[in-house]
Amino acid sequence: MRWIEEEILLPNSSQLFKKIHFPYYLKILFIIAYLVLFFFAFKIFIINKNQWLILAQANNRLNIITPAPRGLILDRNNKTLAANEVSFDLIINLNLITDQERLFFEKLIAENQLDSTINFNQLIIKNIPKQLASSIVVQYNNFLKVRLIDSYKRVYPLGLGFGNLIGYLGFPSADEIEKYNYEPNIYIGKLGIEAYYQNYLSGKNGEIILEKDNKLNIIKTIRDKEPQIGYSLKLTIDSNFQKKAYEIIDNYMKENGYHKGGLIVINPYSGEILSLISYPDFDNNLFINKSEKVKEILIDPKQPLFNRIVSGLYAPGSVVKPIVALAALEEKIINPEKKIYSSGELKIPNPYFPERYSIFKDWKVHGWVNMKEAIANSVNVYFYTIGGGYNEQKGLGVYKIKKYFELYGLGQKTGIDFPGEKDGFIPDPETKKNNLVDKIWRLGDTYNLSIGQGDLTVTPLQIAIFTSALVTNRLIKPYLVKEILDEKQKIIFKNQPQVIKENLASPENLKIIQEGMRMTVTQGTAKQLNYAIVSIAGKSGTPEILGKKKLNAFFTGYAPYENPEIVMTLFIEEVPIGSIATLPLYRDLINLYFENKYKKNNNDENLNSLEE
């Protein structure tokens, strides 16, 4: 039996000790795999040693960003429009607090109307009052769980009348954090000057780096970098005038049942904006804390956060007629003394049905008028004729009208240092091809363009700018910031007037337009302004809106006529009576401006005499 077993087993057992031969390519693969594993092991334990140390070190450190105080915002006379007050911020680690503690902080936010946001695992509460901050420090001494840091609260001394202009602060959105690398717990400018000059005003945040042990106790302070205040801005705005002007506008609008409008006052030579009011406005102090009134502002159908001066697009109506008249003179289309008859309408025969007419209305029968009279009385038929032509009188045509509108800054941004500016729109045959109903440019379109109607849109700012050009014969760039100051209030930037174009028209032709605009006040559509304390020249406008059911009212002008100092453009939306709605208010605002100026001049003279 043993022999049989050996006979059976020996041949099989010998197979176990035979040498195994692997294919050559498998040997190569084994060697490569071994080398790769060796390389990664070497990299992890030797080359990346410093990175592991850094990560371990970071895990034992606490980085705290402390907000920098923002730069001041001042008016042209150094009156404060935006300042800072010492405040505190709370940063709460949501992973380390109990549900009961979380409810406590939610109640604290609601009862004190505090602004807050959640970023990853952190609850950030802004502008904690000092007394409340003290009680929190006593209650929570764990710096890792609840951190109270020094901060600054933005305050706006003048509030209402400056909200839309100056803007307000708020937490950055997720998109803003990603795009601009903002700190999630640091407020940024959200509107107006605060937003446009964010990078100048914001300063440089401070940083505290603390070392902690494995029991989360603070061992030592590694770094304590103080925040650096931002640059301050000195604006071109006259806050004394703007504050009183807003009060006058507010009273007038409420008395007459009007709801929306705006005012801009500009120096026609420098481009300095002396006043910029979008009505209705809001008190930007309400955004400091999460007031219930903020919700009312956000949902208000009158849109107080929308800046109508810079972003609002309107059909300008008759305020553009001086440009059309000047274009006709420059192109030698008509002699300014030639008279055109207005019977109250212009009738154009239909080329396919001669017995039918397209009728273009005037606002009344004017009779025979020359160019100055046509400007003064806003005679539509006159401008239909020189714009599109009628009978033997040649017209400018759409492309020349567009050329002069562009020359005077329409259809393009002015370049103002303020967010949200719109271009406006000048229609022509090419753009009308996009019209779904009627793609053909017709004579009636040119007529409408000639009186500032149709698809033409402009901003009130553009109206003020081309009015300035009719005063100075130069197209200028408007601006709101006069100077930028460093932390020691030393001037590091001073704005200078920028002329975009000059010598826009011959002085002789420009004088005719100016005389026509003066006649608007002395004997035309704005005779109420003849009783102002200074002489005014200007132009009214009453574009039809909402399917001709309502009107917008514009008046743009300059004063004094003999030696212009300011251009003032005023508009009121959705009025029943046309441009006449603006005139009493315009007169009061012009009087306010020059009364303030004369009072200031007298005070300066008295001060100088006392010093002598």
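Taken to the nearest 0.5 Å, the CD1 atom of Ile416 stands 4.5 Å off from the CG atom of Leu480. One finds the CG atom of Leu263 at 13.0 Å from the OH atom of Tyr279 (value rounded to the nearest 0.5 Å). In this structure, Leu74 CG and Leu485 CG are separated by 7.0 Å, a value rounded to the nearest 0.5 Å. A distance of 5.0 Å separates CD1 in Ile166 from CG in Leu81, rounded to the nearest 0.5 Å. How far CG of Asp417 is from CG of Asn495: 6.5 Å, rounded to the nearest 0.5 Å. The OH atom of Tyr269 lies 9.0 Å from the CD atom of Glu565; values are rounded to the nearest 0.5 Å.
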Assess whether side-chain contact (heavy atoms from CB on, under 4.5 Å) is satisfied between Lys130 and Phe88, documenting all intermediate values.
-> CA-CA 7 Å; Lys130 186 175 181 180; Phe88 303 93; 4.0 Å; yes
From CA spacing to verdict: ring-ring contact (aromatic ring centres under 6.0 Å, His included), Phe287, Phe282 = CA-CA 10 Å; Phe287 284 83; Phe282 64 95; 5.6 Å; yes
side-chain contact (heavy atoms from CB on, under 4.5 Å) between Asn240 and Asn596, intermediate numbers included = CA-CA 8 Å; Asn240 186 39; Asn596 278 355; 3.8 Å; yes
Ile125 and Ile92: CA distance, side-chain angles, deciding distance, side-chain contact (heavy atoms from CB on, under 4.5 Å) verdict | CA-CA 8 Å; Ile125 307 176; Ile92 300 144; 3.8 Å; yes
Run the ring-ring contact (aromatic ring centres under 6.0 Å, His included) check on Tyr408 and Phe466 step by step: do they pass?
-> CA-CA 5 Å; Tyr408 280 82; Phe466 78 64; 7.4 Å; no
Going through the checks in order, is the side-chain contact (heavy atoms from CB on, under 4.5 Å) test met by Leu201 and Glu194?
-> CA-CA 7 Å; Leu201 290 165; Glu194 291 275 33; 3.4 Å; yes
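Contact record, Ser87 with Asn127: OG-CA, 3.1 Å, taken as the closest heavy-atom pair. The minimum heavy-atom distance between Val521 and Ile536, with the atom names listed, is CG2-O, 3.3 Å. Contact record, Pro67 with Asn205: CA-OD1, 3.6 Å, taken as the closest heavy-atom pair. Listed here is the closest heavy atom pair of Ile186 and Pro172: O-CD, 3.3 Å. Smallest separation of non-hydrogen atoms from Pro576 and Tyr258: CD-CE2, 3.9 Å. When all heavy atoms of Phe241 and Val265 are compared, the pair lying nearest together is CE2-CG2, 3.9 Å.
Using a distance-only test at 3.5 Å, with no hydrogens or angles considered, no donor-acceptor pair links the side chain of Lys477 to the main chain of Gly271. Side-chain atoms of Asn591 come within 3.5 Å of backbone atoms of Ile533 as a donor-acceptor pair (strictly under, hydrogens ignored). Looking at Asn251, its side chain does come within 3.5 Å of a backbone N or O of Glu247 through a donor-acceptor pair. Although no hydrogens or angles enter the test, the distance criterion places a donor-acceptor pair under 3.5 Å between the side chain of Gln462 and the main chain of Asp423. Side-chain N or O atoms of Gln453 include none that pairs as donor or acceptor with a backbone N or O of Gly317 at under 3.5 Å. The backbone N or O of Asp281 lies less than 3.5 Å from a partner atom in the side chain of Tyr246, making a donor-acceptor pair.
Using modelled atom types, one finds a donor on one side chain and an acceptor on the other under 3.5 Å when comparing Asn285 with Asp283. In this structure, a donor-acceptor pair under 3.5 Å is present between the side chains of Arg154 and Asn84. Side-chain contact annotation: Glu573 with Tyr314, donor-acceptor N/O pair under 3.5 Å present. Defined by atom type and a distance below 3.5 Å, a donor-acceptor pair is present between the side-chain atoms of Glu176 and Ser173. No side-chain donor from either of Glu483 and Tyr231 sits under 3.5 Å from a side-chain acceptor of the other. Checking Trp441 against Thr446 by side-chain atom types alone, a donor-acceptor pair falls below 3.5 Å. In this model, no donor atom of one side chain and acceptor atom of the other lie less than 3.5 Å apart for Asp428 and Tyr399. Side chains of Lys321 and Ser378: a donor on one and an acceptor on the other come within 3.5 Å. Between the side chains of Glu421 and Thr414, at least one donor-acceptor pair of N or O atoms lies under 3.5 Å. For the residue pair Asn307 and Asn164, a side-chain donor N or O sits within less than 3.5 Å of a side-chain acceptor on the partner. For the residue pair Asp115 and Tyr187, a side-chain donor N or O sits within less than 3.5 Å of a side-chain acceptor on the partner. For the residue pair Thr525 and Ser540, a side-chain donor N or O sits within less than 3.5 Å of a side-chain acceptor on the partner.
Between Lys295 and Glu292 there is a salt bridge, with a side-chain nitrogen of the basic residue lying less than 4.0 Å from a carboxylate oxygen of the acidic one. A salt bridge links Asp89 with Lys126: at least one charged nitrogen is closer than 4.0 Å to a carboxylate oxygen.
Within the 4.5 Å cutoff, the side chain of Pro460 has no heavy atoms near those of the Arg308 side chain. Side-chain contact between Asn119 and Asn185 is absent, with no heavy atoms from C-beta onward closer than 4.5 Å. When side chains are defined from C-beta on, Leu114 counts as touching Pro129, because their heavy atoms get closer than 4.5 Å. Within the 4.5 Å cutoff, no side-chain heavy atoms of Asn552 are placed close to those of Val575. The side-chain heavy atoms of Leu235 and Arg76, taken from C-beta on, include no pair separated by under 4.5 Å.
Ring geometry, Tyr447 versus Tyr384: the interplanar angle falls from 30° to 60°, so the pair is classed tilted.
Residue Tyr180 qualifies as open at atom OH: its count of foreign heavy atoms under 6.0 Å is 12 or below. More than 12 heavy atoms of other shown residues, nucleotides or ligands fall within 6.0 angstrom of atom CG in Leu592. Counting non-hydrogen atoms of other residues, nucleotides and ligands closer than 6.0 Å to OH of Tyr404 gives a total above 12. More than 12 heavy atoms of other residues, nucleotides or ligands shown are found within 6.0 angstrom of NZ on Lys501. Atom NZ of Lys107 has 12 or fewer neighbouring heavy atoms from other residues, nucleotides or ligands inside a 6.0 Å radius. More than 12 heavy atoms of other residues, nucleotides or ligands shown are found within 6.0 angstrom of CD on Glu430.
Applying the salt bridge (charged side-chain N to carboxylate O under 4.0 Å, His left out) rule to Lys432 yields the partners Asp438, Asp445; only residues at least two apart in sequence or on another chain are considered.
Between Phe162 and Tyr156, the ring centre distance reaches or exceeds 6.0 Å. Outside the 6.0 Å centre-distance limit, the rings of Phe418 and Tyr196 are not counted as a close aromatic pair.
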